[in-house]
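So the structure is just underneath, and the comments pick up after that.
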2 protein chains.
Amino acid sequence: MTTAHQAPGETRPGGRTARTRRAVLAALSAELAEHGFAALTMERVAQRSGVHLATLYRRWRSTDKLVCELLTELSGDVPLPDTGTLPGDLRALARAIGRFYGDARTRGLIEAVVAAAARDPQAATALRDFFDERLELAGALVRRAVARGELPADTDPKAVLSALGAPFSYRILIARRPVDPGLAESTATAVLAAAEAGAYTTGAAGTGGGAADGGAPGRAD
Amino acid sequence: MTTAHQAPGETRPGGRTARTRRAVLAALSAELAEHGFAALTMERVAQRSGVHLATLYRRWRSTDKLVCELLTELSGDVPLPDTGTLPGDLRALARAIGRFYGDARTRGLIEAVVAAAARDPQAATALRDFFDERLELAGALVRRAVARGELPADTDPKAVLSALGAPFSYRILIARRPVDPGLAESTATAVLAAAEAGAYTTGAAGTGGGAADGGAPGRAD
DNA sequence: AGATTAACGCGAGCAACTTCGCGTTAGTTG
DNA sequence: CAACTAACGCGAAGTTGCTCGCGTTAATCT
């Protein structure tokens, strides 16, 4: 040990690194919102952020990885409602999801991540984990409703919530039309009726829309 | 006009053209099923099909266009059920959709088309039209139910059917888990309950999950 | 059958994307 | 504040993907 200071080989989380990171992610987000994933290039992000192209490749290696980091960055956005009743909670959450998908920034990001996930396994994992985590958190909403006796006891929270989210991603990725307010209302109403009817219970009709793992007893045909 | 034969500049639909087309699409489908969109390259399709790389670029220009042609080729696969009752029809259709998405070939294709649509407007249009057409066809199922008095008169067929399809695409593209039989059962039960409750009527709660065009009166906030 | 030409095979060329080596800047620590 | 080095900027080299021109094959029509 001479007069060595920082252990060589360690990462350095300090000022400049964080600054360029912010600049890059901001530029990426803006690019996605304005020109979409179609026009996304490392080159463009480099120019817009003022960070050199080589640096981008060094730290992120590809646009897929870049986009995937922006997704994980975007946590804690959609706030969980607690209105006291299940219909109120579902409506509020559906509207929040509608706004989330309605924003050009997040819309472009979702599209980009799904496209990235088709090619990059790491992006696929990030995508799955992101929504898994949100479903887990939002599960509290359903558990409260079960505790209040508004839903069957064996209702699967993740099934309910993925049913609430599915129409929005369908609208964006498949139908490719704008997310209008009516979709939120319709979806909230639909999921409420379905949940009350016991469509998302673990025992009866099926394992439901979200929890995939458990071995379902039925057959495929 | 010497002894000219075929009008010069016309397309030639005959034997060889069609044969290479089939070979290419078959190779593409196999590649998607085996290695997924991640590993899809013009190079690979060329080698597998035995068609020269330059020919692929000449006729399709990119993998996006290629994939998009395979989608339009895949018409008339999911058969429409007619069991006589709405619950029966919904279950049967949900199972058919489940099998459709369960197949590695179509699963890879869907993923590929969605990824392609994120970059190529033509692929986006093809994707939208494909599902739009199927929704339109399957609408008959809902209209029959309305005629039998099983559903409210102003039920929007497309809303019902996109609600039936959404959970599957969500499972594949977002949740990224296998499509199990339970999902079909759960979805059929859920959509039935929601439709009976009037969640997909044009008047009441919202315009619904599928027909996006009509001006919805509500606001986003 | 024979003439005509769209579609294909082939390899070389072009362009875009990605990586590498080196000098410089600016956090970090004693 | 002085030494140290991770992270960055920069331009050049390397790689991959895509296009072009030319000769060949095989549909199509009289």
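Here the structure is a predicted model, which is why all the values come from computation and not from measurement. So you know, we letter chains A, B, ... as the sequences are listed, proteins then strands, and number each from 1.
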Begin from the C-alpha positions of Arg48(A) and Glu34(A) and carry the test salt bridge (Lys or Arg N to Asp or Glu O under 4.0 Å) through to its verdict.
-> CA-CA 12 Å; Arg48(A) 183 156 198 160; Glu34(A) 285 177 29; 2.8 Å; yes
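- Among the atoms of the strands shown, base atoms are found under 4.0 Å from some heavy atom of Leu53(A).
- For Leu66(B) and dG17(D), the CG to C1' distance is 15 Å, given to the nearest whole Å.
- Distance, Arg44(B) CZ to dG17(D) P: 12 Å, rounded to whole Å.
- Phosphate proximity of dC8(C) to Arg19(B): absent, as no side-chain N or O sits under 4.0 Å from OP1 or OP2.
- If you take NE2 of His52(A) and C1' of dA7(D), they are 14 Å apart, rounded to a whole angstrom.
- Distance from the side chain of Tyr57(A) is smallest to dT18(C) among dC8(C), dC10(D), dT18(C).
- Rounded to a whole Å, the CG atom of Leu40(B) is 16 Å from the C1' atom of dT16(D).
- Here dC17(C) presents its C1' atom at 13 Å from CG of Leu56(A), a figure rounded to the nearest Å.
- Side-chain atoms of Arg16(B) stay outside donor-acceptor range of the base of dA27(D), with no qualifying N/O pair under 3.5 Å.
- When each of dT18(C), dG9(C), dC10(D) is scored by its nearest atom to the side-chain atoms of Val51(B), the top-ranked nucleotide is dG9(C).
- Separation of atoms CE (Met42(B)) and CD (Gln47(B)) is listed at 14.0 Å; rounding is to 0.5 Å.
- Taking 4.0 Å as the cut-off between side-chain N and carboxylate O, Asp132(A) and Arg176(B) do not count as a salt-bridged pair.
- Residue Thr20(B) has a polar side-chain atom (N or O) positioned under 4.0 Å from OP1 or OP2 of dC8(C).
- At whole-Å resolution of the value, CD in Glu43(B) and P in dG9(C) are 14 Å apart.
- Distances shorter than 4.0 Å separate none of the side-chain N or O atoms of Arg58(B) from OP1 or OP2 on dC18(D).
- When each of Thr41(A) and Ala54(B) is assigned the nucleotide of DNA chain C with its nearest heavy atom, Ala54(B) is the one assigned upstream, toward the 5' end.
- Note on ring orientation: taking the six-membered ring where Trp is involved, the planes of Phe168(A) and Tyr101(A) are parallel (angle under 30°, cut-offs 30° and 60°).
- Here the CG-CG distance, from Asp89(B) to Leu80(B), works out to 9.0 Å after rounding to the nearest 0.5 Å.
- Protein atom CZ of Arg61(A) is 16 Å distant from nucleotide atom P of dA7(D), rounded to whole Å.
- In this structure, CE of Met42(B) is placed 18 Å from P of dA16(C), rounded to the nearest angstrom.
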